[in-house]
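Structure first, then comments.
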Amino acid sequence: MRVLGIESSCDETGVAIFDSEQGLMADALFSQIDMHALYGGVVPELASRDHVKRLRPLVDQVMAESGCTPADIDAVAFTQGPGLIGALMTGACFARALAYGWNVPAIAVNHMEGHLLAPMLAPEKPEFPFVALLVSGGHTQLYSVEGVGQYELLGETLDDAAGEAFDKTAKLLGLPYPGGPHLAKLAEQGDATRFKFPRPMMDRPGVDFSFSGLKTAVRTAANQIEQITEQDKADICASFQEAMVDTLTRKCKRALKEAGMKRLVVSGGVSANIALRSRLQKTMAGMQGELYCPPLSYCTDNGAMIALAGWHRMQAGAQSQALGLVVKPRWPLKEA
Ligand code: KG4
Ligand code: ZN
């Protein structure tokens, strides 16, 4: 079975074709980062307008690259939510029209389920059950996962998401948008022990997160430096990243213990962070456990994870979406 997947929930237009026998056949992505960087963040209206421009050429590209004709496609999967409403509408309308024209089902996919299943795009795929840490620009959540569609929320952030905290901290230091990767790069040259930033919510039971205090601690530290140098910034970045990695890792350990599992899946944009990946790798090895992350290019938003999740959903009996278009800017995974 072949599924064409369409992602348009935020600032990346992603289109891919997943084949249940061969795996990923083609994958195309257009990132709007350069456009939004001028404004220091995503401008929703500009994002929607740009998706409209990119969708058709990207679909043509993956069809050509894979050598598929419309008759080879069995379903069109698209991100129905969560995300920016206008951006979601563009992908949903396009996907629904394409599916109607090709006379195949249109499968609505939850973006976070796409992230959660993205590690299955790697050669080493996780088996169920596992604990999943989803760390993106909009979400930070820990789930106990028994199978496709069986997601029990163990904990989540009470304020900022991890990616959001990376982005806001980077902005505060004058780094370009999107801050996460820039902050991580600068952190490589910094001293992670110079600033002792808080590890929020560690003293409380459970696996919820809170990152707004960490952000404030960074602001206070930066404001106390009279003439901030590049080295100061690098030290702040390294110390911030250390606090993040430490907090996320310790909460993962706690969640695994709570769930009685030794298999961890980490996904979403922040799972591209090398410091986080290597700390988790070490931690899991120390526990005789297993860590699964998506390949680096599938950590952030992409069409491949939506095509894959669409296929899994069809296996689980998902039906074609009715013609009336509904997108869900907010869509908890437990309702997916
Ligand atoms: O999953 P994603 O592409 O979009 C959402 O669904 O939100 O995640 C984007 C987030 C941004 O906050 C970005 O700064 C962060 O992932 N990110 C990183 C890295 N690469 C992307 N954060 C830390 N280190 C990275 N290497
Ligand atoms: Zn995402």
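Every number for a ligand or one of its atoms is a count from 1 in the order of the listing. Values in this document were obtained by computation on a predicted structure and should not be read as measured data.
Within the listing of ligand 1, atoms 7 (O) sit less than 4.0 angstrom from a heavy atom of G138. Atoms of ligand 1 found under 4.0 Å from any heavy atom of G137 (numbered from 1 in listed order, with element): 5 (C), 7 (O), 8 (O), 9 (C), 10 (C), 12 (O). The atoms of ligand 1 that sit less than 4.0 Å from any heavy atom of T300 are 3 (O), 21 (C).
At a heavy-atom distance under 4.0 Å, only side-chain atoms of H115, from C-beta outward, approach ligand 1.
The shortest N or O to N or O distance between F166 and ligand 1 is not under 3.5 Å.
Closest to atom 22 (N) of ligand 1, if we only count protein heavy atoms, is G180 CA, 3.5 Å. Atom 11 (C) of ligand 1 has D167 OD2, 3.5 Å as its closest protein atom, hydrogens excluded (heavy atom only). The closest protein non-hydrogen atom to atom 6 (O) of ligand 1 is H111 NE2, 3.1 Å.
A donor-acceptor pair under 3.5 Å is formed between the side chain of R277 and the backbone N or O of S271.
Other residues, nucleotides and ligands contribute more than 12 heavy atoms inside 6.0 Å of the NZ atom of K196.
Remark: aromatic rings of F94 and F78 are distant, center separation not under 6.0 Å.
Between F197 and F195, the ring-plane angle classifies as parallel under the 30° and 60° cut-offs.
At a cut-off of 2.8 Å, measuring from the Zn ion (ligand 2), the protein N, O or S atoms that fall short of it are H111 NE2, H115 NE2, D301 OD1, waters left aside.
Not a single heavy atom of C10 sits closer than 4.0 Å to an atom of ligand 1.
Following chains of ILVMFWY side-chain contacts shorter than 4.5 Å, one can reach L276 starting from M284, so the two form part of one hydrophobic cluster.
Taking all heavy atoms of G163, S271, G269 into account, the minimum distance to atom 8 (O) of ligand 1 is reached by G269.
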